[in-house]
Amino acid sequence: MSDHSRPTGTWWAPSTRHAKRTAVGMAAIVAVLSLITWSVWISPSGPVSSAVSRALGVPTKPEQSADAEALETKLTAAQERIWKLEGKLQSTSAQAGSRGDQLTQLKAQIADLRSQLVAARSASGAHHSSGGSSSSGASATARHGDGSGASGQGGGPTVVPGTGGPSTDPDPAAPVDVPTKAEVLAQQSRWYGLYTAQSPFNWAEYDQLSQQIGAATNMVGYFQGFDQDFNANAVQRSWTNGRVPMLTWESRPLKTGNDQKYVPGYTNADITGGAFDRYLTQYAEALVANGQPVVIRLDHEMNGSWYNWADGTAQQNAPGSFVAMWQHVHDVFDRVGANDYVIWNWSPTRIDALGNVKYQTLDSLRAYYPGDDYVDWVGMSGYYRKAAEAPTFDTTFARTLEQIRQIAPDKRILLSEIGATETGAAVTDGQKARWITSLFDALADPANADVIGFAYFSETATTIVDGARTTNDWRLDSRADSLAAFVAGIARNDIDYDLQEVKK
């Protein structure tokens, strides 16, 4: 989105004013780490120690015995606490010292314990009901082979959202049963996704919003830049909770300001010319090694003027360079087999908000389309941001969808990033709520049967455009009437959603 702004500071220590508070928190973290270390590893009377003794053939007292299921439960609990502590420890890496060593030691101990658990299971003949698959990386590759799947045109199994409880972190010792790329593409029920400030790395806000809505999502959106490696954790954390991960991948450093149209070294020609081939190859290889499908929305809103990948003089990108860049990235992935796992999503922005009419033509948008062989899903960003506009689906989406359907008539459409703000009259007269109701009315319309779902941007975003600073509140729960409209809409039985209820 043109006014999407991600915070430059870390969420756990946003400024130096929090230094004292952080120091106190770190002391508490050290204490918790010590407690975890004792309970998971040191305690001679605990179930973990007893299970390790059994795995190694060491006699144990009857009261110390614990079966593999109890051990796995304890491991899962310990791993969840490590995930929560890890981010906080990273925020003080300069002063981490022994705290970092403690975390490393604890993770090594748990990894060693897991390997001993596998040995114990092997000796006792115990297996997971899934057939003995182990990790969510290599095991997923083994299950799905080349990632092409075997589902017919009738559609594969539905991606099942979370069970209604709080989101969990992946357990490397437990298998994660994920669909193939073909099964994701063939899914007949629609996609409902959210963007929140920290998901999928922290589920707190995501879970809270899901509880307010009462329906579990089956998609989660997040962002990365070309200065970041493939993040297997993001993908695994998504699939662990039954959500297909949708990565918006930007060909620039992640924290580049949206008002920086030219980023030296990151032009389309730089990428096409091979400057990033090593990075792209390593990224694709890591994705293959992880073995789980991911939607990649590469360089979104390319038909706007605000991003460095748009064709234009300000960006130092020649006409046609965006298509060449997209195809080059796709081809690098293809050489290492990554396209067996990637669902490529082409996602321009709404054309009628571009200002100059010459950029609103069909030919203008078509010039950015990489071609059917390079795209799996088409889509768009669509925001209701002006109180003077009618708060309707057609106002926000209709003109752009009309052109997308002409450019790629055989592709399914994902509304990849959408939202409505609380500005002007929308604050007082319920325009946002009416826009949300119109969204679900449109999804029920057979004319939009090719729209396979949406991902809502539920964040507050600040941007600087041409020197003007603007903040928009896109959150679904920004007002009670907006939230109520969404709750009613997602629960409708005429919009082809197959979602589980979230426990409140």
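Judged purely by atom type and a 3.5 angstrom limit, D334 has no side-chain atom pairing as donor or acceptor with the backbone of D331. Formation of a donor-acceptor pair under 3.5 Å by the N241 side chain with backbone atoms of T168 is found in this model. Judged by distance alone, with hydrogens and angles left aside, the side-chain atoms of Q327 form a donor-acceptor pair with the main-chain N or O of P370 at under 3.5 Å. Looking only at distances, a side-chain donor or acceptor of S416 sits under 3.5 Å from a matching main-chain atom of L414. Between the side chain of E417 and the main chain of L415, no donor-acceptor pair closer than 3.5 Å is present. Side-chain N or O atoms of Q431 include one that pairs as donor or acceptor with a backbone N or O of A387 at under 3.5 Å. Between the side chain of W309 and the main chain of S251, no donor-acceptor pair closer than 3.5 Å is present. Under the 3.5 Å distance criterion, the side-chain polar atoms of T437 are matched with a main-chain donor or acceptor of A433. Using a distance-only test at 3.5 Å, with no hydrogens or angles considered, a donor-acceptor pair links the side chain of R412 to the main chain of L185. The backbone N or O of T392 lies less than 3.5 Å from no partner atom in the side chain of R434, so there is not a single donor-acceptor pair.
By the 4.5 Å heavy-atom criterion applied to side chains, V332 and F276 are not counted as neighbours. Between L483 and Q212, the closest side-chain pair of non-hydrogen atoms falls below 4.5 Å. Using a 4.5 Å heavy-atom threshold, the side chains of F322 and M302 count as touching. Looking at heavy atoms from C-beta onward, I351 lies in side-chain contact with L365 at the 4.5 angstrom threshold. In this structure, the side chains of P293 and T180 stay at 4.5 Å or more apart for every pair of heavy atoms. L362 is listed as a side-chain neighbour of Q406, based on a closest heavy-atom distance under 4.5 Å.
A salt bridge links R350 to E389: at least one charged side-chain nitrogen sits closer than 4.0 Å to a carboxylate oxygen.
The minimum heavy-atom distance linking P179 with V184 is given by the pair CG-CG2, 3.7 Å. The minimum heavy-atom distance between P245 and Y222, with the atom names listed, is CB-CE2, 4.0 Å. Here the closest non-hydrogen pair linking Q228 and Q224 is OE1-CA, 3.2 Å. Residues I404 and P348 approach most closely at CD1-CG, 4.2 Å, considering heavy atoms. Closest non-hydrogen pair, M219 versus M246, comes out as SD-CE, 4.0 Å. Smallest separation of non-hydrogen atoms from G489 and I495: O-CD1, 3.3 Å.
Among residues two or more places apart in sequence or in another chain, the side-chain contact (heavy atoms from CB on, under 4.5 Å) test is passed with S458 by L209, Y456, R475, L476. N356 pairs by the side-chain contact (heavy atoms from CB on, under 4.5 Å) definition with K358, Y359, not counting sequence neighbours. When the salt bridge (charged side-chain N to carboxylate O under 4.0 Å, His left out) test is applied to D494, the partners found at least two apart in sequence or on another chain are R492. Scanning for side-chain contact (heavy atoms from CB on, under 4.5 Å) contacts around D227 gives P253, L254, Y266, with sequence neighbours left out. With sequence neighbours left out, E205 forms a side-chain contact (heavy atoms from CB on, under 4.5 Å) with T196, A197.
Between Y192 and F454, the ring-plane angle classifies as tilted under the 30° and 60° cut-offs. Ring geometry for F223 against F457 counts as perpendicular: the plane angle is over 60°, on a 0 to 90° scale with 30° as the lower cut. In this structure, Y283 and F333 have tilted ring planes: the angle between them lies in the 30° to 60° band. Classification of the W249-Y279 ring pair by plane angle, with boundaries at 30° and 60°, yields tilted. Relative orientation of the F397 and W435 rings is tilted, given thresholds of 30° and 60° on the angle between their planes. A tilted orientation is assigned to the rings of Y307 and H300, their planes being inclined by 30° to 60°. Aromatic ring pairs are classed by plane angle as parallel below 30°, tilted from 30° to 60° and perpendicular above 60°; the pair W344 and H330 is tilted.
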Tell me, with the steps shown, if F440 and F393 meet ring-ring contact (aromatic ring centres under 6.0 Å, His included). CA-CA 9 Å; F440 290 106; F393 180 91; over 10 Å; no
Please step through side chain to side chain contact (heavy atoms under 4.5 Å, CB included) for the pair V329 and T272, ending with a clear verdict. CA-CA 8 Å; V329 173; T272 306; over 6 Å; no
Residue pair V294, I343: steps toward the side chain to side chain contact (heavy atoms under 4.5 Å, CB included) verdict: CA-CA 6 Å; V294 58; I343 297 162; over 6 Å; no
Please walk me through it: do T217 and W191 pass side chain to side chain contact (heavy atoms under 4.5 Å, CB included)? CA-CA 8 Å; T217 66; W191 300 98; over 6 Å; no
Using side chain to side chain contact (heavy atoms under 4.5 Å, CB included), reason through V375 and V378 one step at a time and then give a plain yes or no. CA-CA 7 Å; V375 173; V378 294; 4.0 Å; yes
Applying salt bridge (Lys or Arg N to Asp or Glu O under 4.0 Å) to K181 and D340, what does each step give before you reach the verdict? CA-CA 7 Å; K181 171 181 175 177; D340 292 334; over 6 Å; no
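Rounding to the nearest 0.5 Å places CD of Q403 at 9.0 Å from CG of N303. A distance of 6.5 Å separates CZ in R335 from OG1 in T281, rounded to the nearest 0.5 Å. One finds the OH atom of Y384 at 14.0 Å from the CG atom of L439 (value rounded to the nearest 0.5 Å). If you take CZ on R237 and CG on D169, they are separated by 4.0 Å, rounding to the nearest 0.5 Å. The line from CG of D311 to OG of S305 is 12.5 Å long, rounded to the nearest 0.5 Å. Taking CD of Q360 as the start and CG of D352 as the end, the distance is 6.5 Å to the nearest 0.5 Å.
T267 and N317 share no side-chain donor-acceptor pair at under 3.5 Å. Side-chain contact of H328 with D277: a donor-acceptor pair under 3.5 Å is present, judged by distance alone. Using modelled atom types and a 3.5 Å distance limit, the side chains of Q236 and N290 yield a donor-acceptor pair. When only modelled atom types and interatomic distance are considered, S189 and D498 share no side-chain donor-acceptor pair under 3.5 Å. Side-chain contact annotation: S210 with Q208, donor-acceptor N/O pair under 3.5 Å absent. Counting only N and O atoms by type, the side chains of E301 and W306 include a donor and acceptor under 3.5 Å apart.
Screening W377, Y368, Y369 for a ring pair (Phe, Tyr, Trp, His ring centres under 6.0 Å) involving W346 leaves a single residue, Y369.
Here salt bridge (Lys or Arg N to Asp or Glu O under 4.0 Å) pairs that include residues 444-454, with residues two or more places apart or in two chains, are R405-D450.
In this structure, R243 forms a cation-pi arrangement with W203, its terminal cationic atom sitting closer than 6.0 Å to the ring centre and no more than 45° off the ring axis.
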